[in-house]
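Let me begin by presenting the structure, written as structure tokens, before commenting on it.
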Amino acid sequence: MHHRCLDCGATTIRWAGRCPTCGEWNTLVEEDILDPLVKAVDALDLRAEAIQLASVDVSEAAAVATGVGEFDRVLSGGLVPGSVTLLGGEPGIGKSTLLLQVLAARAAKGHKVLLVSAEESAHQVRLRAERLGPIPDGLMILGTTEVQAVLAVVEDTRPDLVVVDSIQAVSAGPTGPGERRTSGVPGSVTQVRESADLLVGMAKSRQVATVLVGHVTKDGGLAGPRALEHMVDTVLSFEGDRHHSLRLLLAVKHRFGPTGELGLFEMGDQGLNAVVDPGRLLLGDRLTGVPGGVIMPAMQGRRTLLVELQALVAPMALSQPKRSVVGLDANRLVMSLAVLDRHARMPLGNSDVFASVVGGIRVTEPAADLAVIMAVVSANLGHPLPPDLAALGEVGLAGELRQVTGMPRRLEECARLGIGQVVVPRSTPPGPDEVQLLRAESVPEALALCFPADTPWNGSRPSA
Ligand code: TYD
Ligand code: MG
């Protein structure tokens, strides 16, 4: 009697707990159990037919607005019936809150919607829902961790929106009598995939828009949700800092429209509210006239956000200089410090350097290089920069300033929020009239424009 691995298809004579070929556990099954299945597959009519692309009916792919404006904006209109969306984010960031608001908004329009709560009890969800506003009649809750139970309830009640919170907390039990249970505990990659597979099948066959919640750790790790990205139509990422109120919603993948739209929310006592003017929110508590801070127009998706970058330079506390970032790319900071050392005669090898973005935003784009350098120099010299000054540009290893994407939009946002001068790479095209462009070819040139002449790099001030 032979055993076949369900994963790689290899056969062995002896049963073992682990497939000797691919190394997967609990995948070996006796051939004669598989036999009927193999015969059934053989009997299938596998003739497929190609059709004209232009004749494909697209009327079903229309998005349906949920009623939560920022959510709909990111999805270019709303959720498409039969589509599967994965909402990823760190625990505690507000995924459950956001989706409860989406469900309530949709139900308030008279639709039947279902929340599958696998992590929280119906009691807990009810309490939260009360904080968020009136609870519409069409909002149903199912407390279960069994995917089969979800399928059964959807079959019975036919909702048009299902939220599964979370995909890591559910598991797929045996699908029929005599079938083996898939290996792995809830949350393991096998279970997450198996569960998602069934839910994707449900979404497609019943034309129900389905949203899966997936917890992702800070570094984007956690195999589970990442392994799902190719199975779903849309991947949304909900970001922010738990200690700040601002939340960003981004489409990482979207089969029904462009990615790059940014949704902005503020977490309040009554749930998430759309942020109308992020500039004011982010720059609201800024201290001006203090060294170490500079404004930078950052791109988040296709939207521009004015953020404040801060730096602190302190005498080295331990035997090694410390470089620490919050919301910035640590490698780029190290590189920028090397550029300062080599090209602007400002060695910081005996100093600890801290750099951060205020407001819980992440700005890892190279366009932040110059602003980071300006903040570090300002902190190191104890020389504050003008409050209406912004800096923007990628820094090359030769100390040159390079052009960045979306320059016109960034400059417009600067103008809108009253930024009077922006240090930019020399090749920058003219911007709005209200903004004075301080063009510089290199880091020393940019520094010479903003700091007093008696600094280490004096003499490199451009002759013009
Ligand atoms: P939650 O939606 O449970 O996060 P996730 O599902 O991503 O794990 O939100 C958790 C946090 O949001 C929690 O710390 C409390 C906070 N919160 C508010 O500040 N205001 C509110 O109205 C609600 C419902 C939650
Ligand atoms: Mg949750």
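Note that the coordinates shown come from a computational prediction; the quantities given were computed from them, not determined experimentally. Numbering of ligands and ligand atoms starts at 1, following listing order.
For Gln191 and Ser171, the side-chain atoms include no donor-acceptor pair closer than 3.5 Å. Of the N and O atoms on the side chains of Ser237 and Glu239, at least one donor lies less than 3.5 Å from an acceptor on the other residue.
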What do the steps show when you test Glu266 against His244 for side-chain hydrogen bond (donor to acceptor under 3.5 Å, both in side chains), and what is the final call?
CA-CA 9 Å; Glu266 194 178 1; His244 288 89; over 6 Å; no

Is there a side-chain contact (heavy atoms from CB on, under 4.5 Å) between Arg286 and Thr288? Walk through the geometry before answering.
CA-CA 6 Å; Arg286 190 155 77 101; Thr288 53; 4.1 Å; yes

Before you tell me yes or no, could you show the steps for Lys253 and His230 under side-chain hydrogen bond (donor to acceptor under 3.5 Å, both in side chains), namely the whole-Å CA-CA distance, both residues' side-chain angles and the distance that decides it to 0.1 Å?
CA-CA 9 Å; Lys253 161 183 173 179; His230 68 280; over 6 Å; no

Using the rule given for side-chain contact (heavy atoms from CB on, under 4.5 Å), can you reason through Val422 versus Leu389, listing the C-alpha separation, both sets of side-chain angles and the distance that settles it, and then say yes or no?
CA-CA 6 Å; Val422 188; Leu389 177 111; over 6 Å; no

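To the nearest 0.5 Å, atom CD of residue Glu261 and atom CZ of residue Arg73 are 5.5 Å apart.
A salt bridge links Glu70 to Arg303: at least one charged side-chain nitrogen sits closer than 4.0 Å to a carboxylate oxygen. Ion pairing of Lys95 with Asp165 is absent here, as no side-chain N (NZ or NE/NH1/NH2) approaches a carboxylate O to less than 4.0 Å.
Protein N/O/S atoms closer than 2.8 Å to the Mg ion (ligand 2), listed by chain and residue number, are Ser96 OG.
Within 4.0 Å of ligand 1, protein heavy atoms come from Glu90, Pro91, Gly92, Ile93, Gly94, Lys95, Ser96, Thr97, Arg128, Arg131, Met267, Gly268, Asp269, Gln270, Gly271.
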